[in-house]
Q: 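Sharing a structure below in structure tokens format, with a few things to ask.
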Amino acid sequence: METLFYVRTSSPVGPLFLAASARGLVRLEFEARMQNLNSRTIQLKESKKALAPCLDQLDEYFAGQRREFSIPLDLRGTGFQLACWHALLEIPYGETRSYRDIAQAIGHPHAYRAVGMSNNRNPVAIVVPCHRVIASNGSLCGYGGGLDLKRKLLDLEQANVRPCLPLGIGA
């Protein structure tokens, strides 16, 4: 039986549940929409200490002081899901991509609906930024935490992105 360390914490986007293995973060979920863990093969042990680096980085992210996470991840899914989730990790802070963009990036240009389903199963919200994926027409769609939460995360990132001006302009 595998032991996962877990903690529940409050955040600006509501209560979160985090769980980590010895290899890295396995879950970061909105408590209102947690996926089941297999209780026959996994035992949970509460440990704020084990998840302290994750909690610190989340606090920095919500404060607008962190754009990239350096938390080790232990992502678990199908090969297709893992490809999708790794593609999400390549989306820069403050930017968005479409489901079609992700499908093309993983070499399955017509699998944008399957990309959406993989995003829906993303077990590590925020850190694996599925909130940065939008419809091809630019509209918000499909987020496990709800569209209001998706908008809140995108707005947080946009508020912390400073436009780069060419040298000599604005100086």
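All figures in this text were calculated on a predicted structure; none of them were measured in a lab. Residues take their numbers from the sequence shown, with the count starting at 1.
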Q: Got a salt bridge between Glu157 and Arg67, using NZ or NE/NH1/NH2 to carboxylate O under 4.0 Å?
A: no
Q: Would a distance-only check, ignoring hydrogens and angles, find a side-chain to backbone donor-acceptor pair under 3.5 Å from Asn122 to Ser118?
A: no
Q: Rounded to the nearest 0.5 Å, what separates atom OH in Tyr93 from atom CZ in Arg132?
A: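 Result: 8.0 Å between the selected atoms.
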Q: Considering non-hydrogen atoms only, spot the tightest contact between Ala87 and Ile106 and give its length.
A: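 Heavy atoms of Ala87 and Ile106 come nearest at CB-CG2, 3.8 Å.
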Q: With hydrophobic residues grouped by side-chain heavy-atom distances under 4.5 Å, do Ile102 and Tyr112 end up in a single group?
A: yes
Q: Using a 3.5 Å distance criterion without hydrogens, assess whether the side chain of Trp85 forms a donor-acceptor pair with backbone atoms of Cys130.
A: no
Q: Nearest 0.5 Å, what's the CG-SG distance between Asn120 and Cys84?
A: 12.0 Å
Q: Output yes when a side-chain donor or acceptor of Lys48 lies under 3.5 Å from a complementary backbone atom of Leu55, and no otherwise.
A: no
Q: Please give me the minimum heavy-atom distance between Ala19 and Leu51, naming the atom from each residue.
A: C-CD2, 4.3 Å
Q: Does NZ or CZ of Arg8 fall inside the cone over Phe17's six-membered ring, less than 6.0 Å from its centre and within 45° of the axis?
A: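 Negative - Arg8 is either too far from the ring of Phe17 or too far off its axis.
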Q: With a 4.0 Å cut-off, would you call Glu95 and Arg97 a salt bridge?
A: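 The answer is yes: the pair qualifies as a salt bridge.
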Q: With side-chain contact (heavy atoms from CB on, under 4.5 Å) as the test, would you mind laying out the steps for Ile71 and Val124 before giving the verdict?
A: CA-CA 11 Å; Ile71 302 165; Val124 183; over 6 Å; no
Q: Answer yes or no: is there a side-chain heavy-atom contact under 4.5 Å between Arg151 and Tyr143?
A: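 They are not in contact (no side-chain heavy atoms under 4.5 Å apart), so the answer is no.
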Q: Does the pair Ile91 and Val133 meet the rule for a side-chain contact (heavy atoms from CB on, under 4.5 Å), with working shown?
A: CA-CA 9 Å; Ile91 305 172; Val133 182; 4.0 Å; yes
Q: Please say yes or no: joined through hydrophobic side-chain contacts below 4.5 Å, possibly via intermediate residues, are Met117 and Leu88 part of one cluster?
A: no
Q: Are the side chain of Lys152 and the backbone of Pro12 linked by a donor-acceptor contact shorter than 3.5 Å?
A: yes
Q: Can you tell me how far apart CG (Leu75) and NE2 (His86) are? Round to the nearest 0.5 Å.
A: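 Leu75 atom CG to His86 atom NE2 measures 5.5 Å (nearest 0.5 Å).
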Q: When the ring planes of Phe69 and Tyr61 are compared, do they come out parallel, tilted or perpendicular, using 30° and 60° as the limits?
A: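 Tilted, since the angle between the ring planes falls between 30° and 60°.
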Q: Would a 4.5 Å heavy-atom cut-off, applied to side chains only, mark Leu18 and Leu58 as touching?
A: yes
Q: Report yes if the side chains of Tyr6 and Val26 come closer than 4.5 Å at any heavy-atom pair, otherwise no.
A: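 When only atoms from C-beta onward are counted, Val26 and Tyr6 do not touch, as no gap falls below 4.5 Å.
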Q: Would you kindly say whether Gln43 and Thr3 are connected by a side-chain donor-acceptor distance under 3.5 Å?
A: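 Looking only at side-chain atoms, Thr3 and Gln43 do form a donor-acceptor pair, the distance falling under 3.5 Å.
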Q: Locate the shortest heavy-atom distance separating Val115 from Phe80; write the atom from each residue and the value.
A: N-CE2, 4.0 Å
Q: Nearest 0.5 Å, please: how far is CD1 in Ile42 from CD in Glu2?
A: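 Atom-to-atom, Glu2:CD and Ile42:CD1 are 5.5 Å apart.
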Q: Rounded to the nearest 0.5 Å, how far does CZ of Arg76 lie from CZ of Arg23?
A: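 It comes to 5.0 Å.
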Q: Measuring from Asn119:CG to His131:NE2, what's the distance to the nearest 0.5 Å?
A: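 Asn119 atom CG to His131 atom NE2 measures 11.5 Å (nearest 0.5 Å).
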Q: Do Leu89 and Pro129 have side-chain heavy atoms sitting under 4.5 Å apart?
A: yes
Q: Would you say the side chain of Leu28 lies within less than 4.5 Å of the side chain of Val128, judging by non-hydrogen atoms?
A: no
Q: Just checking Asp155: does its CG atom have more than 12 heavy atoms from other residues, nucleotides or ligands closer to it than 6.0 angstrom?
A: yes
Q: Any idea which heavy atoms bring Phe62 and Ser11 closest together, and the distance?
A: CE1-CB, 3.8 Å
Q: Heavy atoms only: give me the nearest Ser139-Ile134 pair and the separation to one decimal.
A: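 Nearest pair, atom of Ser139 first, then Ile134: O-CB, 3.5 Å.
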Q: Check whether any side-chain N or O of Arg27 sits under 3.5 Å from a backbone N or O of Glu29 as a donor-acceptor pair, and report yes or no.
A: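 Not at all, since once roles are kept as given, no pair shorter than 3.5 Å links the two residues.
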